[in-house]
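Remember, it's 1-based here, ligands and their atoms both numbered in the order they're listed.
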Amino acid sequence: MPELSGIGIGRGIAAGPVARMSPPPPAPADEASELSPEAETDRVKEALSEVAGELEERGRAVGGTARDVLEAQAMMAQDPSLADAVQTRLQAGKTGEFAVHEAFAEFRATLEQLGGYLGERAADLSDVAQRVIASLRGLPAPGVPDPGHPFILVAEDLAPADTALLDLDKVQALVTIQGGPTSHTAILAREKSITAIVGVADAAELTEDEQIIVDSVAGIVYTQPSAEQIRDAQARRTAREEEAAAPLTPGTLADGTAVPLLANLGSASSTDQAVELGAEGVGLFRTEFLFLSADEAPSVEEQREAYQKVLQAFPGQKVVVRALDAGADKPLSFLNDQPEENPALGLRGLRALMANEQILKDQLTALAQAQENTEADVWVMAPMVSTVEEAEEFTALAKQHGLQIAGVMVEVPSIALMADELMSRTDFASIGTNDLTQYTMAADRLLGSVASLQDPWHPAVLRLIRQVGAAGIASAKPVGVCGEAAADPLLAVVLVGLGVNTLSMSPAALADVRAELKLHTLEQARSIAAAALTAATAAQARESALSVAQQS
Ligand code: PEP
Ligand code: MG
């Protein structure tokens, strides 16, 4: 069976026919129309209403938040001011395609200038324009196909807007040509438990309707499978579904070593899902997510209420609350509104909090009050810590406010390298592998063009984690991981082998990580980690870990 390889996400397997994502139509040229403006007007009107109708219909079929996105897009296709802007260009003798392209681009630029929520809708406008242009040219609509039966989606990569619309009853698996283990598609696949393999360079060869098997444990797409191989894949899929539905157990290795599995949360709305999926507490509560659209610092009372909602869901369990992590990918205007050339290297995280100490003190006060009112075991930690002085200062301040357990995130190589000195000055460390990878590899986590460097499997990142794990063991203080790396089942085993005691992840990833941990003893996890550490590249680290793991 010919094989294409890539990076498997999770532990899923799926078999089915390929449906490819249709590419956007090429941008139309600025040329005079051969038709009269009236004839062009009729064509454009028809295309706009066809696109609006399709979007509404898909919205009704998909439901949920995706429905809101699709309905908003349908309204864009029928917006009277956009229709006027198109009409002006048609009257000037342009083609329908070009008039739509230019008028929508002009509106897009205006939305982008407005920024905020409207700025974020700009990409939706381009998507609508491309749909209308495709319809005018008689081409299939760009984006996620709808062949009317279950399929395996093959794409160059998925845009966030596409992912919101995936109908998970139909999409059995994802295969993308681009992307690494922390790409947007990989994160989404983990969050929604979709079988996926990303970075399959040869997936361009897969043809429409061809039968394939996607095995994310092996990171292999099998083409031309036999009937027996398809039956095997289906049996493995059913077994995994049964495993996911089995009674939830705490995270443990094969030898009984406990590895508590915790949830990453950004609001109280996902607490129920975390509890249902067996989270043994919260390893990262991203408090800044509650205030992303606030212009002013939230009051103590407002914060107390918000924190209490999350804490209440975990009586007797650990909840690690992160102090506001403002800056770069999570801007909070009330903490830092100065434009910076390199925001990821700027006044962010704990640096911004120290520069606005009252905001930090208010947050610690609110958290201490919420702790008083609930039964949760509250731990607090600081984001983006670079020096041991910062760690010491934060830990002392948290304790002055009545929070008994205070620690720091290890997201910057400088603090990982100083881990031994760090551990004597704080209560615990939680490794944020998303930022730690970004800073170790000097690769912006938001930039697709350097996504291949954003790989927590890189031995440079693993060596830093080993240093923190060793410092944790030497000082008998807890070390957790709360970045995306913890949600990658095999990497989770490596992390445990490097000395990490707890793993925190999006709740949907818990089942796969729980299942993988059960397959290895602590000694085996250490051997798997050792194999990864001695590799020269991220890909080799993964391969070496996999080959040792398959012997466990
Ligand atoms: C991280 O950097 O790994 C992390 C967990 O924090 P965030 O992704 O919120 O920056
Ligand atoms: Mg971070």
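Residues Glu484 and Asn434 have side chains that never bring a donor and an acceptor to within less than 3.5 angstrom of each other. Side-chain polar atoms of Thr195 and Ser216 form no donor-acceptor pair below 3.5 angstrom.
Within the 4.0 Å heavy-atom shell around ligand 1 one does not find Glu484.
Taking the charged nitrogens against the carboxylate oxygens, Glu523 and Arg526 have no contact shorter than 4.0 Å, which rules out a salt bridge.
Any N or O atom pair closer than 3.5 Å counts here, and Arg348 shares no such pair with ligand 1. Close N/O approach between Glu288 and ligand 1 is not found [any backbone or side-chain N/O within under 3.5 Å].
Annotation: the span from Met409 atom CE to Asp325 atom CG amounts to 7.0 Å, rounded to 0.5 Å. Distance CG/Leu403 to CD/Gln363: 10.0 Å, rounded to 0.5 Å.
The number of protein N, O or S atoms lying under 2.8 Å from the Mg ion (ligand 2) is 2.
The environment of Glu375 atom CD is sparse: at most 12 non-hydrogen atoms of other residues, nucleotides or ligands sit within 6.0 angstrom.
Per-residue contacts place Leu284 under 4.0 angstrom from the following atoms of ligand 1 (heavy atoms of the residue considered): 5 (C). For ligand 1, the atoms closer than 4.0 angstrom to any heavy atom of Arg445 are 2 (O), 7 (P), 8 (O), 10 (O). Of all atoms in ligand 1, numbered sequentially from 1 with element shown, those under 4.0 Å from a heavy atom of Asp435 are 1 (C), 2 (O), 3 (O), 10 (O).
At the shortest separation from atom 2 (O) of ligand 1 among protein heavy atoms lies Glu411 OE2, 2.8 Å. Closest protein heavy atom to atom 5 (C) of ligand 1: Cys482 O, 3.3 Å.
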